[in-house]
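Convention: sequence-line order gives letters A, B, ...; per-chain numbering from 1.
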There are 2 protein chains.
Amino acid sequence: MVSIKDIAKQAGVSISTVSYALNGSPKVTKETSARILAIAKELNYIPSAAARSLKKRETKIIGIYLTDYSGAFYGQLLQGMMETLSENGYELIVCSGKESHRFLPERMIDGAIILDATYKTEELLSHAERGHKLVVMDRRMDHSNISQVLLDNKAGATLAIDYLAEKGHQKIYVVKGPDISFDAMQRLEAVQKAVQRYSQIEYIELQGDFNKLSGEAAAKRVHQEFSEPVGVFCLNDEMAIGMYNYFSRTNLRVGEDVHIIGFDNIEVSQYVQPRLATINYSKHKWGALASELLLNLIKKQKNEHERINVSLIEGDSVRNR
Amino acid sequence: MVSIKDIAKQAGVSISTVSYALNGSPKVTKETSARILAIAKELNYIPSAAARSLKKRETKIIGIYLTDYSGAFYGQLLQGMMETLSENGYELIVCSGKESHRFLPERMIDGAIILDATYKTEELLSHAERGHKLVVMDRRMDHSNISQVLLDNKAGATLAIDYLAEKGHQKIYVVKGPDISFDAMQRLEAVQKAVQRYSQIEYIELQGDFNKLSGEAAAKRVHQEFSEPVGVFCLNDEMAIGMYNYFSRTNLRVGEDVHIIGFDNIEVSQYVQPRLATINYSKHKWGALASELLLNLIKKQKNEHERINVSLIEGDSVRNR
DNA sequence: TATAATAAAGGAAACGTTTGCAACAAGAGA
DNA sequence: TCTCTTGTTGCAAACGTTTCCTTTATTATA
């Protein structure tokens, strides 16, 4: 492997001069610099990232921690992150695998964005304590080395309940998410508050884990207890789609017997029949903002707390009772 | 930052002994080793990935190059890769950003899986020439440092045309993919061969780039030229969904006037109405196999060529003429 | 002309590991 | 008692950079 040492020898200069030249430092004259660069190109020189990051203590890479890749959901999110980071000379890597939590402490990445409920909060805190920079998207944390950008789950959940109520639904099921999920808990809390405002509403909670299968299971419960048209708020679209799957095999019709609204507005939601009513927000913006905050944290040592707005998307999955 | 040097000082041994102990070498006695490990833990020692990889010339990380993250498509693929790699002590990172192509030459990753048509073949070849290990999923390459695992596009495209023909369609549109895509070209080639077997078939090619919008554009063409029921083979599902979007705004009905079959069996395809007929294959297996071949390449220096089987999924988007 | 200031280049340490080799002690065999 | 193993530990070089500090050469100033 050709190193700056080889270039130095070839050019008849010292390795420090080569290093300066390669980094475009004004300390070395135009001519020497040009000569060195030419030789570097000729020798097919490729810098060693390991050596550089060992010395400079930075990698210009930031990591995003996700629970799972699935769902078209993440595509836009990552796209948003990438753009912001790329513009600032950073690369984005998606961290997966059971050992990837070591990326941050072992300094393979300069910072991390967390969207992975399984990552322990204490562990994140200890990273921050050690001086690492983080942005959390899936929990609330207050630390000078941590910024956060969260969805406005409360507003979203309230919109959903209001929508069902407005359409005249008085019996409302809520399919919950996993306890470990901050978003799920926030949404649930808001739901509980919202239904209290409607004295006539009968409100029932059903188990759920944000996956399709649990949506199907919840649908089964609803089916068994069915006597009159009901409203259902699935705390995410994934489970709502699971419900569609179930009801397509029964005599109950979505939008007639069972009125469903979801949360997230994932891609499939606009293609199912009838179109799923849901709560929307810009995944792209969410990702971009998270990256921006991380860069601010790294460059300006400034931590911030931001919120992503949500809005209601109407759909024929919820009609008047 | 605490290094093995600090541990050595604290333990009163040399740094080499610490290194051996940390790596579980049998060269150091159980007692010394235990003492060293205890001190390491106490000092909160964290190894430096940069230093290690500088010395060992390996990172235990492999990279996957994707064109874009979008599409639930990639979720399963990555899942398959992760599992195989994780089991073997490797981490997977998804390489994105305009500078990520440097990951391989600068030795940030030990090998790469390529599924990115924009990556130049010559560049890949030069990597291989330098001794880097690759697996390509999106082109054909023959080199001792490159393995390949491709979809059986020919079989898939043939199945699709046969299906349309079998259902009695005599006028068949094919919505092409981008020229840069190996899969698109292989599928198209197979289509051209397949239609020759049916003398009565009138066959028309339409432009496409694998994205929804181009599917919509193609649908518009079909609409304008419409006089009798036609068959359409979209070279991927994404474009087929684009066609659905377009036709939902017209008086033409999918599965009645326009009979569509796609390729890939992405998630939405099973939710659109009517269900999209398509060509299926296991994304999980594709990813897992690619990883396996890469590991073989790294460990046993053995390059292989594999193929992923495809199958037809029937759907009401194609009915008898 | 002597001196100071400026510009260009080189020397060498440091970043944190790994690893071949040398050193040393202790016990075994002769 | 002497040499030979065997087992345990230490020394030091190397991996490829960056960067602080000198040294040397050049030009400007008094």
> Within the structure, does a side-chain N or O atom of A:Ser14 lie under 4.0 Å from either OP1 or OP2 of C:dG10?
Replying inline: yes
> Which of the following nucleotides, C:dA9, C:dT18, D:dT17, is nearest to the side chain of B:Lys56?
Replying inline: C:dT18
> Per the atom types in the model, does the base of D:dC11 pair as donor or acceptor with the side chain of B:Tyr20 at under 3.5 Å?
Replying inline: no
>> Classify B:Lys27 by what it touches in the nucleic acid, base, sugar-phosphate, or nothing, heavy-atom distance under 4.0 Å.
In response: base
>> Please confirm whether the shortest side-chain N or O distance from B:Arg57 to OP1 or OP2 of D:dA14 is below 4.0 Å.
In response: no
>> Could you tell me how far apart A:Ile15 (CD1) and D:dG16 (P) are, to the nearest whole angstrom?
In response: 12 Å
> Taking NZ from A:Lys60 and P from D:dT18, how many angstroms apart are they, rounded to a whole number?
Replying inline: 13 Å
> When the distance from CZ of A:Arg35 to C1' of C:dA9 is rounded to whole Å, what number comes out?
Replying inline: 11 Å
> NA contact type, B:Ser19, heavy-atom cut-off 4.0 Å: base, sugar-phosphate, or nothing?
Replying inline: base
>> Nearest to the A:Ser3 side chain among C:dT17, D:dG16, C:dG10, which nucleotide is it?
In response: D:dG16
> For the atom pair OG (B:Ser19) and CG (B:Asn23), what is the distance rounded to the nearest 0.5 Å?
Replying inline: 5.0 Å
> Separation of A:Ile4 atom CD1 from C:dA9 atom P, in whole Å?
Replying inline: 16 Å
>> What contact category does B:Thr32 fall into here, base, sugar-phosphate, or nothing, at under 4.0 angstrom with non-hydrogen atoms?
In response: sugar-phosphate
>> What's the separation between atom OG1 in A:Thr59 and atom CG in A:Leu54, rounded to the nearest 0.5 Å?
In response: 12.5 Å
> Which residue lies toward the 5' end of DNA chain D, A:Arg52 or B:Thr29, if each is placed at its nearest nucleotide?
Replying inline: B:Thr29
> To the nearest Å, how far apart are A:Ile36 CD1 and D:dT17 P?
Replying inline: 14 Å
> B:Lys283 and B:Gln79: side-chain donor and acceptor closer than 3.5 Å?
Replying inline: no
> For the side chain of A:Glu91 and the backbone of B:Ser100, is there at least one donor-acceptor N/O pair under 3.5 Å apart?
Replying inline: yes
> Can you tell me how far the CD atom of B:Gln148 sits from the CZ atom of B:Arg307, to the nearest 0.5 Å?
Replying inline: 9.5 Å
> Rounded to the nearest Å, what distance is computed from the NZ atom of residue A:Lys5 to the P atom of nucleotide D:dC15?
Replying inline: 6 Å
> Which sits closer to the 5' end of DNA chain D, B:Val13 or B:Arg107, going by the nucleotide each is nearest to?
Replying inline: B:Val13
> Just checking A:Ile46: base, sugar-phosphate only, or nothing, at a heavy-atom cut-off of under 4.0 Å?
Replying inline: sugar-phosphate
> Starting at CD of A:Glu106 and ending at C1' of C:dG16, how long is that distance when rounded to a whole Å?
Replying inline: 12 Å
> Starting at CG of A:Leu22 and ending at P of D:dG16, how long is that distance when rounded to a whole Å?
Replying inline: 15 Å
> Is B:Ser16 touching bases, backbone alone, or none of the nucleic acid, heavy atoms closer than 4.0 Å?
Replying inline: base
> Quick one: which of C:dG16, D:dT9, C:dT18 gets closest to the side chain of B:Asn23?
Replying inline: C:dT18
> Think A:Tyr45 has a side-chain N or O under 4.0 angstrom from the OP1 or OP2 of D:dT17?
Replying inline: yes
> Of the nucleotides D:dT18, D:dC15, D:dT17, which has the atom closest to the B:Leu54 side chain?
Replying inline: D:dC15
>> Nearest 0.5 Å, please: how far is CD in A:Gln76 from NE2 in A:His284?
In response: 8.5 Å
